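So the structure is just underneath, and the comments pick up after that.
Here the structure is a predicted model, which is why all the values come from computation and not from measurement.
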Amino acid sequence: MKRVFTLLEKTWLGTPIWFTWQKTSGNYLAVTGADHIVKIFDRHGQQRSEINLSGNCVAMDWDKDGDILAVIAEKSSYIYLWDANTNKTSQLDSGMRDQMSFLLWSKFGSFLAVGTVKGNLLIYNRQTSRKIPVLGKHTKRITCGCWNAENMLALGGEDKMITVSNQEGDTIRQTPVRSEPSDMQFSMMKTDDRTSAAESTISVVVGKKTLFLFNLSEPDNPIDLEFQQQYGNIVCYSWYGDGYIMIGFSRGIFVVISTHVREIGQEIFQARDHKDSLTSIAVSQTLNKAATCGDNCIKIHDLADLKDMYAIINLDDENKGLGTLSWTEDGQLLALSTQSGSLHVFLTKLPILGDACSTRIAYLTSLLEVTVANPVEGELPVTVSVHVEPNFVAVGLYHLAVGMNNRAWFYVLEENAVKKLKDMEYLGTVASICLHSDYAAALFEGKVQLHLIESEVLDAQEERETRLFPAVDDKCRILCHALTSDFLIYGTDTGVIQYFYIEDWQFVNDYRHPVGVKKIFPDPNGTRLVFIDEKSEGFVYCPVKDATYEIPDFPPTIKGVLWENWPVDKGVFIAYDDDKVYTYVFHKDTIQGSKVILAGGTKVPFSHKPLLLYNGELTCQTQSGKINNIYLSTHSFLESLKDMGTNERRQMLTQTLMLKRFPDAWEVCKILNDHAAWNELARACLYHMEVEFAIRVYRTIGNVGMVMSLEQIKGIEDCHLLAGHLAMFTSDFNLAQDLYLASSCPVAALEMRRDLQHWDSALQLAKRLAPDQIPFISKEYAIQLEFTGDYVNALAHYEKGITGDNKEHDEVCLAGIAQMSIRMGDIRRGVSQALKHPSRVLKRDCGAILENMKQFSEAAQLYEKGLYYDKAASVYIRCKNWAKVGELLPHVSSPKIHLQFAKAKEADGRYKEAVVAYENAKQWNSVIRIYLDHLNNPEKAVRIVRETQSLDGAKMVARFFLQLGDYGSAIQFLVMSKCNNEAFTLAQQHNKMEIYVDVIGSGDTTNEDYQSIALYFEGEKRHFQAGKFFLLCGQYARALKHFLKCPNSEDNAALEMAIETVGQAKDDVLTSQLIDHLMGESDGMPKDAKYLFRLYMALKQYREAARTAIIIAREEQSAGNYRNAHDVLFSMYAELKAQKIKIPSEMATNLMILHSYILVKIHVKNGDHMKGARMLIRVANNISKFPSHIVPILTSTVIECHRAGLKNSAFSFAATLMRPEYRNKIDAKYKKKIEAMVRRPDTSETEEATTPCPFCEFLLPECELLCPGCKNNIPYCIATGRHMLKDDWTVCPHCDFPALYSEFKRMLNTERTCPMCSERLNLAQLKKISDYTQYLQTEVEQ
């Protein structure tokens, strides 16, 4: 909101003033104060006239057209009339004797009503100059009044009466009111019945508190509206819209009420616009705005939405308060008087006048001010004060033109200043003017005048200075024109668009459109032009090609078009109407030719007029004389892409592709990093024939095929050929064909159709372009037709395909003819062609067709010729030609055919041939059947059954032997054929169960089979066999029962089996049952302890087994069976060791003593008496464990000690022998010798060598096994019986017992077995062990 001017007259200062705008045009403003003068100003604040009065002005009013201003003053009976057209004042005698107090012009006609302080009335008709005095209309001063459109006059006076009179002054109605009326207005109440449009409601403020509504149609029902006390007094009010009243109150509040019957008395809207006071409100129906003033500010609201504050104007220098507000009727200017005597006029709405040339714009910023700016190049705006309020503005590269009516003023735009150049009058009222660098073109009354702007600058020939269009003889009116750097372009009512080339000063191009051309908008170069015709349809016209392209979705409301000024975006333009801007793109080079597309729309704020488009930024002019920049929604990709989601980025990509902004699209694709997006960009590049860019994109996404294809075509200059290739790449083949045919290489269309296998199209093209290719295309087409089953046309095309000089090609065609002839039923021709043809495959294919057609003899003939013997034999079989089949059999590999032949031969009774054929067909059951049934050769049958393991064959052989009475063989073959039940029954019937048992034990046998056998033996009371088979089928209790029932003859084996049964069953009941039996609980006969030992072993109860083993060993030892005792203990030791169970020390000690005894024989045999003596000393020290051989062992000990020189030991044991219980048992051979030893004792003794303990290095005698130093039991050597040494360690590889490596080696020179486990052993198997620590970990219970 711009302040246009302020009036500060000295004579007014300090006193209130009042004013009134000229009605209709608003060109003049009448203002008066306390100085007896009415001053008249124009709308720019220049004083145009003044009226001197006899006293202060009482009232003034403009007539309805704004031609006459009527004024009445104190102390005068004259009415002053000022004529706006002549600028002259006249005086009219009212003839009234009393002081005039009220004056008002009518809304219709030229009636002037004047009221007096005594209530009299004068009605003056200016047209007829007739005066009608009406005395006594009111009894007191007339203070207010109003006219309606029917020229009814309502008046209010201090007599608290309202009268309604007609234009003759006759009173029609009158009504009293409660208090003094003021501010009376006529309007129309809001009713449901809209038929009556008459202003029949009088509204008047009564006593400054209530609003009184008096409807002339309902005089008996007046409405009195009261308001809240807190609002203060009613200052003023105004009707607007559909029966709404806006009321301003003194305390700063304004309220809106409705006069509709249902809503009356309700506040529709209420707002406190001003804190302390409100002095005036004004409504502009034109602008649809309302203004309120108070508290040093004006607030302007939008009537469409009163909450919406349109503007606020602050007047901080006005400290005495504000006065009244008033708009001009056009809403352009708003005047405000103040209590201090000043008057401010504000510009609320400017005519939106502006123009652009290249990137320079000019626009109206005030009524007499134009601003020139170049926002793109960053030049500072320059304001130009103009001499008139312009109707049109034009700007060129160096000039500005403004004007009105038939006159234009030209200004030169210098660097930082503007200089007036000249003014010029034209031959008619100028509709519009265009400028460029040197020339101006003005359109007036259907003509265009082209003239130099600065004629003296150019040394121009006279005829080039100016020219009028059209020529005199051209009967047309120019409706629109435009000026570019090179051309004047105009459009006429006859639809002609003319291009006038300024440099050559002649017409260079014209285009004829069917209807008149209303508006034209050339692009900056003039090479493209948008025009709108009289049907409001839009087109793009290219004068270079003389072609027009209709603009799609072009709204009929379009006001104008702007081309994009950004040099890169050629082809983008916008069309705009009041609400929206539509972005279009002219795609000049696409594979589909040139076309215009709608890229999108952008909403434009209210009353914005686009002036300039640059890189998607639209510069608009607003009503308030400013410019505002809007970004088109179609160019939103120019903002930051990083903050956007994927879907928004995809929309950006679509926008960039529509606008052909490929570098921007590239950036979007890089951010999206999506294969589909890159492909979309690549396809758009192909569509717009941007081959280089497409290669770049396809290279990025790794599409090698497309890159190679595009590289091959990128140098093609023929546009149609290039577009054809690109259309083919985008799979638009029909378009590609049209483009190829329009190009310099039409054969490309044929090549494409052939590659696509569009043979119909290819043949049509070949007739025109390459007749020599027809046979080859016909052959390909025939192959396709054959595939689809169209054999008639396939045959015709195969026949057309024969060239006569291309052997390979012709062979394919002849093969096709042969096949198609057969399919068509011409079998003779087809077969003869196939037989003549060299191809085997053709013979096979034709044979197959004939076979399907049931033409067997011909089919077989072709198969045979084609060396397809299997197929030929098969067909010969179908037609029962056995002789031919027999001929072909040596060549046939198919078992199926051999089988068919064999069946036929068998049916004929020729069994030998049949059996050979069955063997070839691998039908062994049939071979076996014939050998048994017809050739009586069971040996061969049996051999085949054994080789092939055929179940059915085995059944047949079994049946054969059954018939012969050979039950054993029959049982064998029944089991082989998995007929175990039949075999069992047979064995049962003929007492051949042993055979059945032998056979079944070798095969896959089920528990049921074992159970059957067990039950059979149970019935036969053969307990051992029954138990064995019950065990096999898992019935452990029954198996054990039978084993325990076995007679003594089978006792050993039965007990072994019983132990195995209990071991598998793991059942405590069965275990205790067997233990009872072994202990002799059941029959009083305890069994050998070895069985109990085996039982414990089978049950994995190793501790019990170990205890049993010790007992058994003790018994064996007592009985003198030392080797047996040794073996029992050793096996138990090994088992416990394997199960990682600690070995009882008693067992370990007994094993060591028994082993020492066994070693004696080995040492003595080898002549090593010392070792033998040492081992015997160890045994003799434990002689109680050898009760049955005490004397022989002691005798041997004495002798060996004596031999070894251990005299003292020999004496000691000899003395033991001399005890009475042993003396008589000494062998006579040695008795005297021993007695002599005792009688003459020799106590000399060889000292026993000492060796270190492997645990603690303590030196102890080598045969001592308990270290006195560390109290450890030391492992002993199984070869010598001595304790182990850590640096001479080995183990037996079988039993893992330790031995001294050197001693064991020496022993193995004479012995072949391990002395501990008796396994065979040789020197090579012995390995010296360096890490012996694992053998020191004790396995024996301490």
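In summary, the side chains of D93 and Q91 do not present any donor paired with an acceptor at a separation below 3.5 Å, with no hydrogens or angles considered. If you check the side chains of S624 and K2, you find no donor sitting under 3.5 Å from an acceptor. Defined by atom type and a distance below 3.5 Å, a donor-acceptor pair is missing between the side-chain atoms of T24 and D65. Side-chain atoms of H138 and T163 form a donor-acceptor pair, as typed in the model, at a separation below 3.5 Å. Using modelled atom types, one finds no donor on one side chain facing an acceptor on the other under 3.5 Å when comparing N406 with T429. Checked by atom type, the side-chain pair N296/N314 shows no donor-acceptor distance below 3.5 Å. Remark: the S25 side chain and the Q22 side chain contain an N/O donor-acceptor pair separated by less than 3.5 Å. Checked by atom type, the side-chain pair T365/E369 shows a donor-acceptor distance below 3.5 Å.
For K107 and E199, the salt-bridge test passes: some basic side-chain N is under 4.0 Å from an acidic carboxylate O. Under 4.0 Å is where a charged nitrogen must lie from a carboxylate oxygen, and between K23 and D63 no such pair does. Between E180 and R141, no side-chain nitrogen of the basic residue sits less than 4.0 Å from a carboxylate oxygen of the acidic one, so the salt-bridge criterion is not met. A salt bridge links R178 to D224: at least one charged side-chain nitrogen sits closer than 4.0 Å to a carboxylate oxygen. With salt bridges taken as basic N to acidic carboxylate O contacts below 4.0 Å, none links K118 and E158. One finds no salt bridge joining R477 and E445 here, because no Lys/Arg side-chain nitrogen approaches an Asp/Glu carboxylate oxygen to under 4.0 Å. Salt bridge annotation for K307-D302: absent, with no cationic side-chain nitrogen under 4.0 angstrom from a carboxylate oxygen. A salt bridge is absent between D83 and K88; no separation between the charged side-chain nitrogens and carboxylate oxygens falls under 4.0 Å.
Taking 4.5 Å as the limit, every side-chain heavy atom of V71 sits out of range of all side-chain heavy atoms of D61.
Note that CG of N56 and NZ of K75 are 8.0 Å apart. Values are rounded to the nearest 0.5 Å. The CH2 atom of W147 sits 8.5 Å away from the OG atom of S165 when rounded to the nearest 0.5 Å.
Looking at T292, D273, D308 one by one, the single match for side chain to side chain donor-acceptor pair (under 3.5 Å) with H301 turns out to be D273. If you run ring pair (Phe, Tyr, Trp, His ring centres under 6.0 Å) between F254 and each of F227, F269, Y231, Y237, only F269 comes through. With M184 as the partner, the side-chain contact (heavy atoms from CB on, under 4.5 Å) test is satisfied by one option alone out of L104, I202, L155, T143: I202.
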Please lay out, stage by stage, how K275 and D295 fare under the test salt bridge (charged side-chain N to carboxylate O under 4.0 Å, His left out).
-> CA-CA 7 Å; K275 185 167 166 265; D295 291 353; over 6 Å; no

What do the steps show when you test D67 against N85 for side-chain contact (heavy atoms from CB on, under 4.5 Å), and what is the final call?
-> CA-CA 7 Å; D67 292 337; N85 298 321; 3.7 Å; yes

Dump the intermediate steps for side-chain contact (heavy atoms from CB on, under 4.5 Å) on L211 and V204, then the final yes or no.
-> CA-CA 6 Å; L211 186 67; V204 61; over 6 Å; no

Given side-chain contact (heavy atoms from CB on, under 4.5 Å), test L347 with L367 step by step and report yes or no.
-> CA-CA 8 Å; L347 186 62; L367 294 173; 3.8 Å; yes

Are S203 and W239 close enough, and set up right, to give a side chain to side chain donor-acceptor pair (under 3.5 Å), and what steps lead you there?
-> CA-CA 9 Å; S203 58; W239 289 76; 2.8 Å; yes

Worked check of side chain to side chain donor-acceptor pair (under 3.5 Å) between T348 and K289 = CA-CA 10 Å; T348 52; K289 300 275 188 298; over 6 Å; no

Would N233 and K209 count as a side chain to side chain donor-acceptor pair (under 3.5 Å) if you check the C-alpha gap in whole Å, the side-chain angles of each, and the deciding distance to 0.1 Å?
-> CA-CA 5 Å; N233 293 336; K209 292 289 185 190; 2.8 Å; yes

Going through the distances and angles, do S337 and T324 end up as a side chain to side chain donor-acceptor pair (under 3.5 Å)?
-> CA-CA 5 Å; S337 65; T324 53; 3.3 Å; yes

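Ring geometry, W82 versus W62: the interplanar angle exceeds 60°, so the pair is classed perpendicular (tilted spans 30 to 60°).
Judged by the 6.0 Å distance and 45° axis criteria, K39 is positioned over the aromatic ring of W12.
For Y28 and F41, the gap between ring centers reaches or exceeds 6.0 Å.
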